Amino acid sequence: MTLLTLRIYNTLTNSKEDFVPLEEGKVSMYVCGVTVYDDIHLGHARSIVVFDMVNRYLRHKGYDVTHVTNFTDVDDKIINRANEEGIDPLELSARYIDRYFAEVDSLEVKRADIYPKASESMDAIVRMVQDIIDNGYGYATEDGNVYFSIDRIKDYGRLTNQRLEDMVAGSRDVMQDPQKRNPMDFAVWKAAKDGEVAWPSPWGDGRPGWHIECSAMIRDRLGDLIDIHGGGNDLIFPHHENEILQTEAVTGGTLARYWMHNGMLQVKDEKMSKSLGNFFRVSDLLREHDAQTLRFYLLNTHYRGPLVYSEGSLEESKSSLRRLWNAYRSLQSHLRTASGPDHASGIIDAASQTFHEHMDDDFNTRGAISALFDLTREMNRMMASGELSATGAGEALKLLESADAVLGILPVTDGDGELDIIIGILADVRQELRGRKAFDLSDLIRDRLKEAGIQLEDGAEGVRWKRI
RNA sequence: GCCGGGGUAACAUAGAGGCCAUGUGGCGGACUGCAGAUCCGCAGACGGGAGUUCAAAUCUCCCUCCCGGCCCCA
């Protein structure tokens with residue numbers, strides 16, 4: 001079975017569908033970002049890395065992708081946190097946006113094309129609220145709140161696949177604004193309380209409701225209808241559901257063609273979240289583990305399933321990943337020294353096909369990685385038995401590198417050229433000593449290099465070195 | 001309660017009717033001056049119960065357990 005086209009699981013239809021972009025060769029993608037009031041944790045990283053992978057794979061397939069991810073920088077939690085610290089909310093959010101970028105860069109995430117902030121999108125937001133009211137889908141209260149009116153919606157719950165009545169029955173008791181016409185109505189504009197950060201609007205000073213910023217930013221930056229809308233599956237309801245309503249109230253058409261949702265990261269059968277206090281900060285994890293290990297851990301499972309984090313799972317990922325790295329480095333050495341016949345192209349082509357079949361099947365990174373392991377085993381075997389030519393090694397490396405352009409799990413660089421030369425000299429001297437059975441001296445070189453963080457490894461195809 | 005996703009060997013995960021799953025770990029070999037890496041082999045599995053089928057981890061039904069969502073969320 002060969003999948004020529006990418007298939008994506010669409011939450012809207014609960015099924016995998018062939019991916020056909022609106023405009024041939026182009027993809028518009030919006031992914032919900034974070035509320036910037038604290039550092040990101042591994043659960044956020046999962047979403048970020050997953051959609052980074054999606055972005056990379058779409059580009060790998062030749063699409064011209066416009067990837068937008070927002071920052072929610074106007075929000076109750078930000079205001080509360082800022083009040084605690086006695087600083088301006090926007091100062092607080094700016095700080096966490098800086099940290100977000102630092103961590104995302106450390107995770108080797110390819111940045112989105114645009115990162116709009118709620119605070120800088122007020123014109124678009126106010127305009128959208130006005131349009132909602134003008135089209136009869138919203139109303140302002142005396143207090144200066146604007147609510148989206150659910151009563152005109154016949155098919156609420158398309159993403160959730162639920163009926164309105166069921167949701168009302170299960171909804172928890174929350175403090176309701178008596179001026180709401182229907183308890184399910186949700187705020188698109190919130191009147192400012194005294195002293196709060198606020199922006200002017202026709203309904204008085206206030207700030208946007210949670211859902212409106214995404215609808216407005218999408219329309220502002222990407223247009224009325226986009227190809228892919230992504231986010232964590234905890235956002236399906238109400239956030240994404242309400243985004244759809246808002247946008248449809250204004251444009252008359254639907255918001256996104258493909259809705260993608262990543263599964264939650266769990267810790268001991270619970271979702272990792274700030275409110276549960278069971279989260280691991282990315283900045284802390286990065287002190288213990290390299291970015292590639294974290295990415296490998298997050299991508300070594302299907303993005304839609306749950307992923308249970310536990311003590312030791314990153315260590316295991318590291319061990320697995322080393323196998324790939326070792327093969328990768330062996331191939332690099334082999335490229336320089338190899339001779340002999342070449343029987344590799346069939347194996348490499350097969351691995352490439354398997355890799356792409358899995359990726360085309362709703363971004364099955366786990367399956368795709370398996371194909372990489374299969375390849376490395378074959379390559380290791382062939383290198384050991386002298387069946388791999390330099391050409392074959394080059395082809396295998398090319399495949400690994402193109403796969404890595406999507407996954408981002410291979411070592412970034414192995415140091416600069418000068419170091420390479422010096423270690424090469426030391427390795428040559430050591431080889432000479434070994435030839436003369438002067439093992440005390442040859443071991444000394446190896447040991448001292450190891451102390452310096454460089455490990456030499458003898459192999460059939462020559463000496464290889466790596467940082468440890 | 002309603003909706004969605006899961007339960008695969010010691011562990012982490014793919015797979016969605018038949019064909020060798022992948023990695024980590026374990027055991028046994030090979031290679032090696034020693035390290036390391038690598039290779040080969042072995043053990044070990046589809047939550048439970050019915051059914052459909054020549055054939056079910058995969059399809060149907062029932063049961064069970066876990067997680068997420070139901071206006072704080074990636």
Side-chain angles (χ1 to χ4, degrees), chain A residues 11 14 31-35 40-51 69 72 75-77 157 159-163 165-172 174 183-187 209-211 230-239 241-242 261-266 269-276 296-297 300-302 304-308 310 312-313 315-324 326-327 329-330 358 361 364-374 376-377 379-385 434 437 439 442-443 446-447 450 455-461 464 466 468:
Chain A
T11 310
N14 282 329
V31 181
C32 282
V34 292
T35 302
I40 57 170
H41 59 63
L42 193 58
H44 299 118
R46 182 175 190 198
S47 185
I48 292 164
V49 168
V50 160
F51 285 102
T69 286
T72 300
D75 163 272
D76 283 341
K77 282 189 282 203
L159 259 187
T160 329
N161 195 21
Q162 283 195 83
R163 301 169 63 219
E165 306 87 79
D166 293 331
M167 289 185 277
V168 176
S171 69
R172 60 176 87 146
V174 286
M184 290 298 285
D185 289 352
F186 56 92
W210 178 32
H211 317 298
N233 68 12
D234 52 349
L235 296 178
I236 294 173
F237 187 88
H239 187 55
E241 201 77 64
N242 290 347
H261 293 98
N262 64 276
M264 290 296 103
L265 184 76
Q266 297 165 206
D269 298 344
E270 275 183 327
K271 181 173 96 172
M272 180 179 288
S273 77
K274 295 195 178 139
S275 40
L276 291 169
F296 181 89
Y297 170 68
N300 196 215
T301 182
H302 190 88
R304 276 190 287 117
L307 177 58
V308 182
S310 67
S313 50
E315 282 304 320
E316 188 178 320
S317 289
K318 184 178 178 177
S319 300
S320 302
L321 187 55
R322 292 302 140 172
R323 186 175 170 73
L324 244 32
N326 287 331
R329 283 162 169 148
S330 293
H358 282 299
D361 182 18
N364 185 350
T365 48
R366 180 53 173 78
I369 287 172
S370 297
L372 261 30
F373 277 111
D374 283 337
T376 61
R377 190 181 56 249
M379 292 301 104
N380 283 331
R381 193 180 52 73
M382 292 178 79
M383 281 189 282
S385 63
R434 289 181 71 215
K437 306 254 186 229
F439 296 122
S442 67
D443 287 352
R446 188 174 59 192
D447 293 345
K450 190 170 185 180
Q455 177 154 309
L456 292 185
E457 292 172 356
D458 304 322
E461 74 280 4
R464 192 156 62 98
K466 64 181 179 189
I468 48 175

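Quick note on labels: first sequence line is chain A, next is B, and so on, each numbered from 1. Computed from a predicted structure; not experimentally measured.
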Nearest nucleotide by nearest heavy atom, which residue falls closer to the 5' end of RNA chain B, A:G231 or A:L321? A:L321
Using a 4.0 Å heavy-atom cut-off across all strands, classify A:G33 as base, sugar-phosphate, or nothing. sugar-phosphate
Nearest heavy atoms of A:G231 and A:V31, plus distance in Å: N-CG1, 4.4 Å
For B:A35, the Watson-Crick or wobble counterpart (both distances under 3.5 Å): none
Step by step, would you call A:D458 with A:R434 a side-chain contact (heavy atoms from CB on, under 4.5 Å)? CA-CA 11 Å; A:D458 304 322; A:R434 289 181 71 215; 3.3 Å; yes
Pairwise C1' distance for B:A50 and B:G1, with rounding to whole Å: 28 Å
Could you tell me how far B:A14 sits from B:A45 if I compare only their C1' atoms? Round to whole Å. 13 Å
Can a donor-acceptor pair under 3.5 Å be found between the side-chain atoms of A:E316 and the base atoms of B:G23? yes
Can you find a donor-acceptor N/O pair under 3.5 angstrom joining the side chain of A:R434 to the base of B:G33? yes
Taking the same atom, C1', in B:A43 and in B:C27, what whole-Å distance lies between them? 8 Å
How many whole angstroms separate atom CD1 of A:I369 from atom C1' of B:G15? 15 Å
Scan A:D447 against the nucleic acid and name what it touches under 4.0 Å (heavy atoms): base, sugar-phosphate only, or nothing. nothing
Using the C1' atom on both, measure B:U32 against B:G23 and round to a whole Å. 25 Å
Just say parallel, tilted or perpendicular for the rings of A:F373 and A:F296, cut-offs at 30° and 60°. perpendicular
In whole angstroms, the gap separating C1' of B:U22 from CE of A:M379 amounts to 17 Å
All heavy atoms of A:S47 vs all of A:G232, minimum pair found to be OG-N, 4.3 Å
Would you mind telling me which residue lines up with the more 5' stretch of RNA chain B, A:I236 or A:E315, judged by nearest nucleotide? A:E315
Using a 4.0 Å heavy-atom cut-off, does A:G43 contact any base of the nucleic acid, only the sugar-phosphate backbone, or nothing at all? base
Mate of B:U60 across any strand shown (Watson-Crick or G-U wobble, both atom pairs under 3.5 Å) is B:A50
In Watson-Crick or G-U wobble terms, with both distances under 3.5 Å, the base opposite B:G41 is B:C27
Looking at every strand, decide which applies to A:H239 at a 4.0 Å heavy-atom threshold: base, sugar-phosphate, or nothing. nothing
Nearest-Å distance for atom pair CZ/C1', residues A:R329 and B:U38: 15 Å
Distance between P atoms of B:G26 and B:A10 (Å, rounded): 15 Å
Out of B:G33, B:A12, B:G69, which nucleotide sits closest to the side chain of A:R366? B:A12
Using a 4.0 Å heavy-atom cut-off across all strands, classify A:L456 as base, sugar-phosphate, or nothing. base
Have a look at A:L235 and say if it touches a base, only the backbone sugar-phosphate, or nothing, with a 4.0 Å heavy-atom cut-off. sugar-phosphate
So for A:N14 and B:G4, does any side-chain atom that can act as donor or acceptor lie under 3.5 Å from a complementary atom in the base? no
Closest to the A:K77 side chain, choosing from B:C73, B:G36, B:C34: B:C73
Expressed in whole Å, how much space separates the P atoms belonging to B:C59 and B:C19? 16 Å
Given B:C39, B:A37, B:A74, identify the nucleotide with an atom nearest to the side chain of A:H44. B:A74
Verify side-chain contact (heavy atoms from CB on, under 4.5 Å) between A:R323 and A:R377, making sure each step is shown before the conclusion. CA-CA 9 Å; A:R323 186 175 170 73; A:R377 190 181 56 249; 4.2 Å; yes
Using atom CG of A:D234 as one end and atom P of B:C71 as the other, report the distance to the nearest whole Å. 13 Å
Counter-base of B:U22, judged by Watson-Crick or G-U geometry with both distances under 3.5 Å: B:A12
The side chain of A:S47 lies closest to which of these nucleotides: B:U22, B:A74, B:C39? B:A74
Remember a base hit wins even if backbone is also touched, and classify A:D374 as base, sugar-phosphate or nothing at under 4.0 Å, heavy atoms. sugar-phosphate
Distance test, side-chain N/O of A:T301 to OP1/OP2 of B:A14, below 4.0 Å: yes
Hey, is the side chain of A:R323 poking within less than 4.0 Å of OP1 or OP2 on B:G23, counting only N and O atoms? yes
Nearest to the side chain of A:S320, which nucleotide is it out of B:U38, B:U24, B:A74? B:U24
Ignoring hydrogens and angles, does a donor from either the side chain of A:R46 or the base of B:A74 sit under 3.5 Å from an acceptor on the other? no
Among B:U38, B:G68, B:C34, find the nucleotide with the atom closest to the side chain of A:N233. B:G68
Out of B:C72, B:A74, B:G69, which nucleotide sits closest to the side chain of A:N262? B:A74
Using a distance-only criterion (donor-acceptor N/O pair, under 3.5 Å, no hydrogens), is the base of B:C34 paired with the side chain of A:D458? yes
Whether A:T301 side chain and A:Y297 backbone form a donor-acceptor pair below 3.5 Å: no
To the nearest Å, give me how far apart CE (A:M382) and C1' (B:C39) are. 14 Å
For A:R446, is there an ion pair with A:D443 - N to carboxylate O distance below 4.0 angstrom? yes
Please answer whether the main-chain N or O of A:E315 pairs with a side-chain N or O of A:S319 as donor and acceptor at a distance below 3.5 Å. yes
Compare the minimum distances between each of B:G36, B:G23, B:C71 and the side chain of A:F373, then state the nucleotide with the smallest one. B:G23
For a 4.5 angstrom cut-off between non-hydrogen side-chain atoms, does A:D447 reach A:K450? no
Expressed as a whole number of Å, how far does the P atom of B:G7 sit from that of B:G48? 13 Å
Nearest-Å distance for atom pair CZ/P, residues A:F237 and B:C72: 11 Å
Could you state the CZ-P distance from A:R381 to B:G41, rounded to the nearest angstrom? 10 Å
Provide, to the nearest angstrom, the distance between the CD1 atom belonging to A:I40 and the P atom belonging to B:C73. 17 Å
Please answer whether B:G33 and A:F439 are stacked, defined here as ring centres separated by less than 5.5 Å and planes angled under 30°. yes
Could you tell me whether the side chain of A:T365 and the main chain of A:H302 form a donor-acceptor pair under 3.5 Å? no
Do A:R446 side-chain and B:C34 base share a donor-acceptor contact under 3.5 Å? yes
Between A:R304 and B:G68, is there a contact of a side-chain N or O with OP1 or OP2 at under 4.0 Å? no
Measure from the side chain of A:E457, starting at C-beta and using heavy atoms only, and say which of B:A37, B:A14, B:C71 lies closest. B:A37
I'd like the P distance from B:C63 over to B:G44, given in whole Å. 34 Å
